[in-house]
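Side-chain atoms are counted along with the backbone in the values below, which use heavy atoms only and exclude waters and symmetry mates. Atoms within a ligand are numbered from 1 in the order they appear, just like the ligands themselves.
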Amino acid sequence: MASSQSNKTGREIFEELSQLKQKDFNFSSGRILGSMCTVPHPIAREAYIRFLETNLGDPELCPGTKEVESRFLAFIGRLVHAPRSAAGQIVSGGTEGNITAMWLAKQLSGKREVLLPESAHFSFQKIASLMDMKLVEVPLTKEYTLDINTLKKKISSKTAAVVGLAGSTELGTVDPLPEISDLCADEQVFFHVDAAFGGFVIPFLRQLGYKVPPCDFTLKGVSTISLDSHKMGYAAISLGTLMIRQKQWLEHISVESPYISSEKQAGILGTRSGAPVAAAYAVTQYLGFDGYQNVVKSCMNVTQYTETRIKELGLGLVVEPTMNVLGVRLKKPGAVVKKLAENGWRVNKVERLSAVRMVLMPQITTQMIDEFIPVLKRVCEEVGEV
Ligand code: 0PR
């Protein structure tokens, strides 16, 4: 077949690709201050490349990669104190983790109603649409966490699942997980913990002596926990894990898979790369629990420093930070975000709270904050914030 356009050489292709890539903001510049992702740990990069061709959708073809997955899941299992009966399901991130958990809850209960905090991630809107589930929002307290008393009133024989947040998207707040767990255990209702962001933060905050509730299976009412390696796990996009209290529950989200060598396939995806799994596993082995604790400690130091510098400008926070997420109260968050972007800095707008969100990920240093603060000050003066 005649081609109207001659093929490009490798050099031309990479020139084109790097020109386009240069348009992106990059994490190493330190100017992305609102994203929940980070530059992957160097060890993740190397592991990712080595597993490019692997497919965990056909594990019999890749028994070695399957073993990497099992070892990775064993690490996550230890992190969340998974009982022997538990299983882990690899997912592409927090959205798929939540979808899979709600699919499970719907299958197990035969019901459709989900009770979730007002602060829940927008992926639940997709769940409602995809699976015809009904979302019932539970209001928040002034601390911006789920109000347990209202939850107690709303839970009923129609409830398929209750959702609690271990690190909310907007502010990093943690819902009263032990109280929700007790309620769900009493009522025998499925309890999903969305720890997409906090899963790799909370266990280490606790080790460091911070007063935050646990987000693990020591809470007897917890059914599933979703946690993302591509957020605070320091790994490459896209990887999350859904930990499930009872392995046999997987039967409810499995189908027969006649064309591949394994008899059944659980979860949403078919073909899926082993590369992000290898990358995430490599980081866990390199850092270990001590390494993650150090990462969290340093993120919290930078968070505290940023909070002090922001308050010096006369700005306030929506709530005191629980983890490395700050919500800065502003009159015109949209205008501030826009002007900061024009100056090369990215923070996220949280219109609902009249705030901007800053996430102090591992790549952010106090020196970068020192560069940011004068720009924020100037921008706030220009739009009449201070
Ligand atoms: N659950 C919670 C609590 C989340 O914060 C998020 C994402 C999800 C689930 C969904 O996770 P995936 O996006 O991995 O499917 N929260 C971030 C947010 O909406 C996602 C993000 C990350 C956005 C990096 C921007 C960015 O640069 O803010």
Side-chain angles (χ1 to χ4, degrees), residues 24-40 89-103 114 116-128 130 135 137 140 144-146 161 163-175 177 192-202 212 215 224-243 267-269 272 276-277 279-280 318 321-327 333 337 340-341 345-353 355-364:
D24 292 356
F25 281 81
N26 65 73
F27 287 110
S28 326
S29 70
R31 296 192 165 209
I32 304 181
L33 290 174
S35 170
M36 289 190 157
C37 293
T38 182
V39 58
Q89 177 75 11
I90 294 289
V91 288
S92 54
T95 300
E96 195 190 330
N98 288 339
I99 294 174
T100 310
M102 292 305 102
W103 182 15
V114 179
L116 76 180
E118 270 173 7
S119 47
H121 186 256
F122 57 76
S123 47
F124 285 94
Q125 304 293 335
K126 301 182 187 179
I127 287 163
L130 273 170
L135 306 182
E137 287 192 348
L140 308 180
Y144 199 77
T145 57
L146 176 140
V163 177
L165 296 182
S168 64
T169 308
E170 292 162 338
L171 296 171
T173 46
V174 180
D175 288 330
L177 305 175
H192 171 58
V193 179
D194 182 351
F197 187 78
F200 279 90
V201 184
I202 292 172
V212 273
C215 72
T224 45
I225 306 171
S226 162
L227 65 165
D228 284 354
S229 293
H230 67 210
K231 295 192 171 77
M232 281 294 285
Y234 223 152
I237 295 171
S238 57
L239 197 83
T241 305
L242 181 70
M243 290 300 301
I268 294 169
L269 299 184
R272 60 186 174 90
V277 181
V318 180
T322 309
M323 50 185 79
N324 48 330
V325 181
L326 292 176
V337 168
L340 283 174
W345 292 90
R346 299 296 311 192
V347 298
N348 289 41
K349 184 170 59 173
V350 190
E351 205 76 72
R352 200 166 75 90
L353 301 173
V356 294
R357 177 187 77 177
M358 295 178 67
V359 190
L360 289 312
M361 293 299 287
Q363 81 279 6
I364 308 296

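Under 4.0 Å from ligand 1, the heavy atoms of Ala196 that appear belong solely to its side chain. For Arg357, every heavy-atom contact with ligand 1 shorter than 4.0 Å involves the side chain, none the backbone. When non-hydrogen atoms are compared, ligand 1 lies under 4.0 Å from neither the backbone nor the side chain of Leu165. By the criterion of a heavy-atom distance under 4.0 Å, neither the backbone nor the side chain of Ile32 is placed next to ligand 1. Contacts with ligand 1 closer than 4.0 Å are made by heavy atoms of both the backbone and the side chain of Met36.
Put simply, CG on Asn324 and CZ on Phe197 are 4.0 Å apart, with the number rounded to the nearest 0.5 Å. Residue Leu33 holds its CG atom at 8.0 Å from CD of Gln363, rounded to the nearest 0.5 Å. In this structure, SG on Cys37 lies 11.5 Å from CE on Met232, to the nearest 0.5 angstrom. Taking CD from Glu96 and CD from Gln89, the interatomic distance works out to 7.5 Å, rounded to the nearest 0.5 Å.
Backbone and side-chain nitrogen or oxygen atoms of Gly94 are examined, and one is located within less than 3.5 angstrom of a nitrogen or oxygen of ligand 1. For ligand 1, one of its N or O atoms has an N or O atom of Thr95 under 3.5 Å away. Residue-to-ligand polar distances place His230 within reach of ligand 1: an N/O pair is separated by less than 3.5 Å.
Protein heavy atom in closest approach to atom 5 (O) of ligand 1: Thr169 OG1, 2.8 Å. For atom 1 (N) of ligand 1, the nearest protein heavy atom (residue, atom name, distance) is Asp194 OD2, 2.7 Å. At the shortest separation from atom 11 (O) of ligand 1 among protein heavy atoms lies Lys231 NZ, 2.9 Å. For atom 10 (C) of ligand 1, the closest non-hydrogen atom of the protein is His121 CE1, 3.3 Å. Atom 26 (C) of ligand 1 has its closest protein heavy atom at Ser35 OG, 3.2 Å.
Ligand 1 lies nowhere less than 4.0 angstrom from a heavy atom belonging to Ser92.
Shown in contact with Gly167 at under 4.0 Å from a heavy atom are these atoms of ligand 1, numbered in order with element: 3 (C). For ligand 1, the atoms lying closer than 4.0 Å to a non-hydrogen atom of Asp228 are 11 (O), 14 (O).
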**Request:** Check the pair Met361 / Ile32 against side-chain contact (heavy atoms from CB on, under 4.5 Å), numbers first and verdict last.
**Result:** CA-CA 9 Å; Met361 293 299 287; Ile32 304 181; over 6 Å; no

**Request:** Any chance you could lay out the side-chain contact (heavy atoms from CB on, under 4.5 Å) test for Val212 and Met323, step after step, and finish with the verdict?
**Result:** CA-CA 9 Å; Val212 273; Met323 50 185 79; 5.8 Å; no

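Asn98 is linked by a side-chain hydrogen bond (donor to acceptor under 3.5 Å, both in side chains) to Ser123, His192, Asp194, counting only residues two or more places apart in sequence or in another chain. In this view, Ser168 and Thr173 satisfy the side-chain hydrogen bond (donor to acceptor under 3.5 Å, both in side chains) rule, not counting sequence neighbours.
Minimum interatomic distance between Pro117 and Leu165 (heavy atoms only, all atoms of both residues): CG-CG, 3.9 Å. For the pair Ala196 and Lys231, the tightest heavy-atom approach, listed with the atom from each and the gap, is O-CD, 3.7 Å.
Inter-residue side-chain proximity for Leu353 and Leu171 is flagged as met; some heavy-atom pair is nearer than 4.5 Å.
Counting protein heavy atoms under 4.0 angstrom from atom 23 (C) of ligand 1 gives zero.
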